[in-house]
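Here is the structure we will look at, set down as structure tokens.
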Amino acid sequence: MRRPMVAGNWKMHGTRASVAELIEGLYKQSLPGSVDIAVMPPSLFTCQVVEGLKATSIIVGAQDAAIQAEQGALTGEVASSQLADAGCKLVLVGHSERRQLIGEQDDVLNKKFAAIQAKGLTPVLCVGETLEERKAGQTLEVVGRQLDSVIAEFGVNALVNAVIAYEPVWAIGTGLTASPQEAQEVHAAIRAQLAKENAEVAQGVRLLYGGSVKAANAVELFSMPDIDGGLIGGASLNADEFGAICRAA
Ligand code: PGA
């Protein structure tokens, strides 16, 4: 059985004061012990959040890491060694906002993936198609290609210590959610693609759905057989809403 995971991606939101408030709000939630729960603040707030949540079981993650694992001369970046030192356990790789708005491509993403794992952190590899790609019937091909880039470089066993998040780009921050059936179809295809390489890895890896998940749609999404939890953007900025989503997993 795969242990469910719900991770909150705070994106580029927050001030020290609002982060303190959110931490306080998270303390008020009754969170299920059967779910891995994570929050991913902007790196700037990592220490504040790790310190603030230390009396909880909530895991702290990061939204990005540098292409090299060790600290060094790389202006503006944060190394996975530094994230690990600060108490992070998970790091997003390949979020569509970084692929599309920053222009990160497979070679860069693969370096980040390796750097994250090199420091014992767990990469959360994000994949997903745009609306045009879905309309053109290319969803499975696009997602398959994004996944293949990592498998081709590191082998399928690299996914044993990773999480995969399927996030259709058209559903992110738009209020449009993939239906549970649409999401399940892609999740099943991802698992089938992994199973072709290694059935055990395919059965063990957690596949999260992301894209306008809210308390109101989480139960249905999380009840699908290949959806093992969620990557939550907007709704993770509200502690009550995030708590309710965690309880749905
Ligand atoms: P959203 O974002 O929940 O605000 O749609 C999800 C994500 O980008 O991880």
Can you list everything that forms a salt bridge (Lys or Arg N to Asp or Glu O under 4.0 Å) with E70? Sequence neighbours excluded, please. K119
Can you pull out every salt bridge (Lys or Arg N to Asp or Glu O under 4.0 Å) where at least one residue sits in residues 205-219? Sequence neighbours excluded, please. D36-R206
Under the rule for ring pair (Phe, Tyr, Trp, His ring centres under 6.0 Å), what residues qualify as partners of F154, not counting sequence neighbours? F113
Take a 6.0 Å sphere around NZ of K89 and say whether it holds more than 12 heavy atoms from other residues, nucleotides or ligands. no
Might you point out which heavy atoms bring D64 and L83 nearest each other, and give the distance in Å? O-CD1, 3.5 Å
Short question: side chain of R191, backbone of A202 - any donor-acceptor pair under 3.5 Å? yes
Does Q117 use its side chain to pair, donor to acceptor, with the backbone of P123 at less than 3.5 Å? no
Restricting to non-hydrogen atoms, name the atom on E133 and the atom on T130 that form the minimum distance, rounded to 0.1 Å. OE1-N, 2.8 Å
What one should report as the nearest heavy-atom pair of Q63 and P42 is NE2-N, 3.3 Å
Partner residues of E21 under the side-chain contact (heavy atoms from CB on, under 4.5 Å) criterion, sequence neighbours left out: none
Test of understanding: with side-chain contact (heavy atoms from CB on, under 4.5 Å), list the residues that count as partners of D107, not counting sequence neighbours. Q105
Check step by step if side-chain contact (heavy atoms from CB on, under 4.5 Å) holds for V127 and V142. CA-CA 8 Å; V127 296; V142 169; over 6 Å; no
Hey, are the side chains of K11 and E97 touching, using non-hydrogen atoms and a 4.5 Å cut-off? yes
4.5 Å side-chain heavy-atom contact, I116 and T122: no
Residues at least two apart in sequence or cross-chain that pass side-chain contact (heavy atoms from CB on, under 4.5 Å) with K111, listed by chain then number, are I67
Looking at E220, I want to see if its CD is surrounded by more than 12 non-hydrogen atoms of other residues, nucleotides or ligands under 6.0 Å. no
Flag, side chain of S80 to backbone of A115, donor-acceptor distance under 3.5 Å: yes
Who else is in the cluster with M5 when I, L, V, M, F, W and Y are joined by side-chain contacts under 4.5 Å? M40, I59, L90, L92, V124, V163, L208, L231
Are there over 12 heavy-atom neighbours, none belonging to E197, within less than 6.0 Å of that residue's CD? yes
May I ask you to decide if G8's main-chain N or O and S236's side chain share a donor-acceptor pair within less than 3.5 Å? no
Please list, chain by chain and in numerical order, all residues satisfying ring pair (Phe, Tyr, Trp, His ring centres under 6.0 Å) with F242, sequence neighbours excluded. none
Apart from V169 itself, what residues make up its hydrophobic cluster when side-chain heavy atoms of I, L, V, M, F, W and Y under 4.5 Å apart count as a link, directly or indirectly? none
Expected output: side-chain E182 to main-chain S179 donor-acceptor under 3.5 Å: yes
Check for me, please, whether V143 and L131 land in the same ILVMFWY cluster - side-chain distances under 4.5 Å, paths through other members count. no
Ring pair (Phe, Tyr, Trp, His ring centres under 6.0 Å) against H95, all qualifying residues, sequence neighbours excluded: none
Looking only at atom types and distance, does a side-chain atom of Q193 sit under 3.5 Å from a main-chain N or O of G144, one as donor and one as acceptor? yes
Is the side chain of R247 donor-acceptor paired with the backbone N or O of S30 at a distance under 3.5 Å, no angle test? yes
Which pair of non-hydrogen atoms, one from L221 and one from A178, has the smallest distance, and what is that distance? CD2-O, 3.8 Å
Looking at side-chain heavy atoms only, is the closest gap between R134 and Q138 below 4.5 Å? no
Looking only at non-hydrogen atoms, find the nearest pair between L121 and C88 and report the distance. CD2-O, 3.0 Å
Would V50 end up clustered with Y27 when hydrophobic side chains under 4.5 Å apart are linked, directly or stepwise? yes
For D85, side-chain contact (heavy atoms from CB on, under 4.5 Å) partners two or more places apart: none
List the residues meeting salt bridge (Lys or Arg N to Asp or Glu O under 4.0 Å) with D106, not counting sequence neighbours, and say none if there are none. R99
Salt bridge or not for E132 and K135, using N-O below 4.0 Å? no
Test your reading of the model: is there a side-chain donor-acceptor pair from S212 to the backbone of A171, 3.5 Å cut-off? yes
Looking only at non-hydrogen atoms, find the nearest pair between A158 and A162 and report the distance. O-CB, 4.0 Å
